[in-house]
> 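Have a look at the structure that comes next, please.
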Amino acid sequence: MPHSVVVVEDDADTRERLAGAVTAVASLSLAGDCGNLADARAILRERAPDVLLVDLGLPDGSGLDLIRETARRAPATHIMVITVFGDETHVVDAIEAGATGYLLKDASSREIEKAILDLVAGGAPISPAVASHLLKRFKPAPAAGCEALLSERELDVLRLIARGQTYGEISQNLGIAVNTVGTHTKQIYRKLAVNSRGEAVFQAQRRGLLPGTPRK
Amino acid sequence: MKAALRWLLIVGAWIALSLLVEFLHKRAPQGALTQAEYSLTAPGATQAWQPVTLPHDWRADKTLRDAGTLWYRLRFEHDVQERDPGAVLLWYLSMNAAVWLNGERVGDGGAMDAPVARNWFRPLLFSVPAPLLRGGANELLIEVRGVPAGDGFLGPVYVDDMSKLLPAYESRYFLKVTFLQLTCVLFLTMALPTGILWFKRRQDTIYLWHAAAAVLSAIYIFVIVYKNLPGAQAAPFWEWLRVCAIGWMIVAIIMLIHRYLGIQRPKLERIVWIIELGGAALMLAYGLLFDATGMQRLVNAVWEPAVVALGGYPAVLMFKAYATQPDRPGFWLMLTGNLLLILGIHDLLMVNHLWPPYDGFYVNYGAPGPLIAFTGILLERFLHALRESETLNRELAARVEQKSDELRRSYDERKTLEDAHLLAEERGRILMDMHDGIGGRLVSTLARLEKSGQTASPVGESVREALADLRLIIYSLEPSAQNLRTALALMRERLQGACEDAGIAVRWSLDGLPDEFSLGPRSTLQLLRLVQEAITNVLKHAQATRLDLGAAYDVGTRKLRVEIADNGCGLPDPLPAGSGKGIENLRRRARHLDGTLSLISNQPGLKIILELAA
């Protein structure tokens, strides 16, 4: 049975292209596509898809809200944020809200297919910028309650990603299977999402990254 | 030892200064006529002459108690050889006199009838027309008026050349008149600044009492030295005013010293005031209602001693203050104040017939001392206060400066923080705008082109390039991408897909870059563009199967080295016309970075090396 995919993207042409890419893959089925938050909620209320592709800037609100709602109501759904640049700000916000991957809007059909299938198979792509961001966040001794949030191995994976290594290179370097690398990254995403929800400590540490405040 | 020496010095100064005052009054010229006769009645047939030796003090003779006028006759021989104009000099007298020589009137000291001109203690000099002073026997007749009755005297008389008598007269006149007039002016001058100070600062009563003491001293001296005080019957009241002036001056000095030493005795001050004002009022009432002459006696015998005795109190205060704290102002106050007291006692003895009256009051000569000392002290205090306030002002200014510096610094810090925050926020907003705006539009355009199968068209190409460059701009601004390694890693992630699609295996080695190595957004962008350009060239032209990128920073030479190598066809030699555009772009970007770019064409493959100081 193909994996159902919902695309939420306000730009019609882009949405059409993404939907087209999904439809073109046999193992994927387009369960719905829409351009705003309200329609997306209506679709998702009916049935939680296997994969949700969501843009952040929607005409009637932020995609982050949809990510949060979906992560809470349908934990089994894989959420990918659609982003033009894959920039840190967007992706980190989305991850904190509960997304486990991101997809570039101008990715080729092949890339789209690969990203979605990887995700469903248990992997999750992390951009070097996001990895570097996360490393910085966990570099200072984590505050109480945050300790051992990420395992040593997960930190290793983040470090190598930040150095621009592909999952393949990482699996060779660490002597683990490529799939395991994907599992690690997905685990990192989940931990972050769980940890970020209502965690004041997290926010404080995030603020600690701002210049001017005392740093340890 | 040192203290004893100081005291010795002070006592020595008192004695020396008292003696100086006495000495100045005793410098009479030689050749005085002292043998005379006096009569109570005007010269006439029935006149009875009594022999007398000058100076002659009426008060010493009970028979002269009611004498208002006394006539003196002096007979003397004169050397005729002298041709200079002659002169008659009365060394001192009280109150006034008229002089006849050989029956001719030669002059008088002013009004002989009430109010009598007050020539007490002054010398009187009369010039004598040359023919009047004969060779041989001469007769000098002097009419002396005493005010009050019985209170007159006549001192030594000189008849000589004017040229001999004039200098002696002038020095005596200076001592008894000019000096006192100057003192009077000096007091008023000293009263002016402190009076103004008090007027402007009413709470500083020390200035008021200084000014009051100076003005009262001036009044006291004025009464003594002014010749023609008005009022036919007013003489006793002028004497009353003189004693009141000295009494109130002593009160002012008490107030002054209390304030100077910080002594608070309001009760005592009140009592002193009551004595001084009440006593003065009682005396005045007695004189007005009953007997003016009797009042004058009472004033001299009772009132003035009481007043002078009161002067002992400030003297004791100064003494005690100096004994406990021998400082410079205390020294001068001790010295001058107690000299005044000694001279005051002289005057007290004199007015009460216990001291010869001829040389007049001495207290005048001591009065400037303490007042000058106090003026100096107040001036010093004022200057000190001024200096202190200046120092305080400076300190205050420094403190204000320091505080405002702190404020400015904390404001600057806050501003820097806010700026950084604003900058971050603004950057976030711009990124968001780029993402949702231009970025979204470019992606959308690309999607539309793809739909109509124009992806490979020049338009599609240029949209792709624009999107790629925009992406680089965003990377160069990303907080994480300030780290060059992350920026290059991002680069790889972006190009990985395209390279894989083109069948190129990519290897990226960034381990030679330190953890926190950064070039700053501008140079990072230039470098990313250069790398993107180079890789795009490989993708387009090289027909390579491998692409290696290596970046390393040498901390020792501070040089960054980036190598991009492929195993493709390398550069054609020579370069066909128009195909050098990509290479030219690379060189331009290298120049922007102030770096050097080397191309090594290997056949197969091309190696691009960028080196720059960082």
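Chain letters run A, B, ... following the sequence lines, proteins first, then strands; residues in each count from 1. Side-chain atoms are counted along with the backbone in the values below, which use heavy atoms only and exclude waters and symmetry mates.
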> So how far is it from Leu490(B) CG to Phe85(A) CZ, rounded to the nearest 0.5 Å?
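So the gap between those two atoms works out to 13.0 Å.
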
> Atom CZ in Arg471(B), atom CG in Leu104(A): separation rounded to 0.5 Å?
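That separation rounds to 5.5 Å.
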
> Look up atom CG in Leu446(B) and atom CG in Asp13(A), then write down how far apart they are to the nearest 0.5 Å.
10.5 Å

> Quick one: of Met491(B), Gln496(B), Arg492(B), who has the most non-hydrogen atom pairs under 4.5 Å with chain A?
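Most heavy-atom pairs under 4.5 Å with chain A: Arg492(B).
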
> Compare all side-chain heavy atoms of Val443(B) with those of Glu9(A) and state whether any distance is below 4.5 angstrom.
no

> With only heavy atoms counted, which part of Leu470(B) is less than 4.5 Å from chain A, the side chain, the backbone, both or neither?
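For Leu470(B), backbone and side chain are both near chain A.
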
> Rounded to the nearest 0.5 Å, how far does OG1 of Thr486(B) lie from CD1 of Ile161(A)?
12.0 Å

> In terms of heavy-atom proximity below 4.5 Å to chain B, should Ser108(A) be classed as side chain, backbone, both, or neither?
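The answer is the side chain of Ser108(A).
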
> Ignoring hydrogens, what is the shortest heavy-atom contact between Ala162(A) and Ala489(B)? Give both atom names and the distance.
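Of all heavy-atom pairs spanning Ala162(A) and Ala489(B), the closest is O-CB, 3.3 Å.
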
> Rounded to the nearest 0.5 Å, what's the gap from CZ on Arg441(B) to OG1 on Thr14(A)? Could you check?
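Result: 10.5 Å between the selected atoms.
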
> Is chain A contacted by the side chain of Thr416(B), its backbone, both, or neither, given a heavy-atom distance below 4.5 Å?
neither

> Apply the side chain to side chain contact (heavy atoms under 4.5 Å, CB included) test between Arg17(A) and each candidate in Arg448(B), Glu450(B), Lys451(B); give the one that qualifies.
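Testing each of Arg448(B), Glu450(B), Lys451(B) against Arg17(A), the sole residue satisfying side chain to side chain contact (heavy atoms under 4.5 Å, CB included) is Glu450(B).
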
> Has Arg507(B) got more than 12 heavy atoms of other residues, nucleotides or ligands less than 6.0 Å from its CZ?
no

> Please state whether the side chain, the backbone, both or neither of Asp106(A) comes within less than 4.5 Å of a heavy atom of chain B.
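Backbone plus side chain of Asp106(A), per the 4.5 Å heavy-atom cut-off to chain B.
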
> Heavy-atom distances under 4.5 Å only: say whether Leu488(B) touches chain A with side chain, backbone, both or neither.
neither

> If you compare all heavy atoms of Asp511(B) against all heavy atoms of Arg163(A), which two are closest, and at what distance to 0.1 Å?
OD1-NH1, 3.0 Å

> Hey, are the side chains of Leu467(B) and Val84(A) touching, using non-hydrogen atoms and a 4.5 Å cut-off?
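Of all side-chain heavy-atom pairs linking Val84(A) with Leu467(B), at least one is under 4.5 Å.
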
